[in-house]
Amino acid sequence: MPSRSARTAAEFLPDTRDLDGLADAASGCKGCDLYLDATQTVFGSGSAGAEMMLVGEQPGDQEDKAGAPFVGPAGKLLDKALVQAGIEREQVYVTNAVKHFKFTLPERGKRRIHKTPGRTEVVACRPWLLAELDAVRPDVLVLMGATAAQSLLGSTFRLTAHRGEALRLPPLEGIDIAPGVAVTVHPSSVLRGPPEDRQQAFDALVSDLRFAAGLRAYPR
Ligand code: URA
Ligand code: SF4
């Protein structure tokens with residue numbers, strides 16, 4: 001019997017690397033406890049031929065209801081940032097490190113409050129992210145926020161120390177890709193910051209995205 005803490009999405013992964021097949025299998029994932037309270041799995045969206053892959057943290061309230069990533073306020077802000085950076089949303093594959101919405105329901109409250117996923121959930125959900133990477137094989141990978149960055153670059157990775165750097169992935173189990181990697185803040189952090197800082201935070205996000213768009217895959 002695997003111990004409870006060792007549970008991950010791995011046993012739900014199909015053999016296929018077809019995105020629709022992966023999304024279908026992920027809809028039945030019970031790799032951690034987040035499927036219990038969330039509405040549905042929110043898998044990535046975009047074309048398998050996308051040259052750039054963007055990874056966020058986890059679906060929010062609206063994404064959980066809609067079943068699609070980055071359709072709520074953070075998604076709107078991301079769309080605006082992509083336009084300003086000269087990147088078309090249709091050219092990118094967008095996903096999250098964790099595929100179910102984690103939240104708390106404050107007493108008496110009806111509004112579900114976002115809760116940052118823990119290492120257990122990030123590790124449990126990682127097989128889906130790796131499968132997406134293997135399916136899309138992007139030239140450029142943008143990790144938005146500490147959760148996405150730590151999922152692929154290690155739990156001690158410090159995002160703020162590495163903005164604006166061309167990074168690369170460590171060796172990943174069975175996946176032979178070497179995209180150019182950039183890290184940036186999570187779009188919702190721009191919305192959460194003090195209003196007087198928002199423009200600057202937004203501009204920095206745009207500048208990180210523009211930098212990422214200039215990266216290339218490493219020769220293998
Ligand atoms: N924040 C995320 O990280 N992902 C989403 O899909 C929406 C908000
Ligand atoms: Fe599976 Fe990820 Fe959802 Fe957990 S969060 S149940 S690992 S899809």
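Both ligands and their constituent atoms are indexed starting at 1 by order of listing.
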**OP:** State if A26 counts as touching ligand 2 under the rule of any non-hydrogen atom under 4.0 Å.
**Re:** no
Original post:
Where does M144 meet ligand 1, judged by heavy-atom distances below 4.0 Å: at the side chain, the backbone, both, or neither?
Top reply: neither
Subject >> E57 and ligand 1 - part of the residue with a heavy-atom distance under 4.0 Å >> reply: both
**OP:** Classify the side-chain pair E121/H100 by whether it contains a donor and acceptor separated by less than 3.5 Å.
**Re:** no
Subject >> Over-ring placement of K99 relative to F43, 6.0 Å and 45° cut-offs >> reply: yes
Subject >> Single hit among V92, L133, V94 for side chain to side chain contact (heavy atoms under 4.5 Å, CB included) with M53 >> reply: L133
Original post:
Should L169 and L159 be counted in the same cluster of Ile, Leu, Val, Met, Phe, Trp and Tyr side chains packed under 4.5 Å apart?
Top reply: yes
If you round to the nearest 0.5 Å, how far is [atom2] of [Y] from [atom1] of [X]?
| X | Y | atom1 | atom2 | result |
| --- | --- | --- | --- | --- |
| D33 | Y35 | CG | OH | 6.5 Å |
| F101 | D61 | CZ | CG | 5.0 Å |
| Q58 | C125 | CD | SG | 10.0 Å |

Counting each atom of ligand 1 from 1 as listed, which ones have a heavy atom of [X] under 4.0 Å away?
| X | result |
| --- | --- |
| G56 | 3 (O) |
| P69 | 6 (O) |
| H186 | 1 (N), 2 (C), 3 (O) |

How close does the nearest protein non-hydrogen atom get to [atom], and which residue and atom is it?
| atom | answer |
| --- | --- |
| atom 4 (Fe) of ligand 2 | C32 SG, 2.3 Å |
| atom 5 (C) of ligand 1 | Q58 O, 3.5 Å |
| atom 4 (N) of ligand 1 | N96 OD1, 2.7 Å |
| atom 2 (Fe) of ligand 2 | C125 SG, 2.3 Å |

Subject >> Pairing of D37 and R112 as salt bridge, 4.0 angstrom limit >> reply: no
Subject >> R7 side chain vs K30 backbone, donor-acceptor pair below 3.5 Å >> reply: yes
Original post:
Is H100 close enough to atom 4 (Fe) of ligand 2 to have an N, O or S atom under 2.8 Å?
Top reply: no
**OP:** Decide, counting backbone as well as side-chain atoms, whether C29 has an N, O or S atom less than 2.8 Å from atom 2 (Fe) of ligand 2.
**Re:** no
Subject >> Proximal atoms of ligand 2 relative to V98 (non-hydrogen, under 4.0 Å) >> reply: 5 (S)
Subject >> Atoms in ligand 2 with a heavy atom of A124 nearer than 4.0 Å >> reply: 7 (S)
Original post:
Just heavy atoms, cut-off under 4.0 Å: does W128 contact ligand 2 by side chain, backbone, both, or neither?
Top reply: side chain
Original post:
Under the salt bridge (charged side-chain N to carboxylate O under 4.0 Å, His left out) rule, what pairs show up with a residue in residues 39-52, not counting sequence neighbours?
Top reply: none
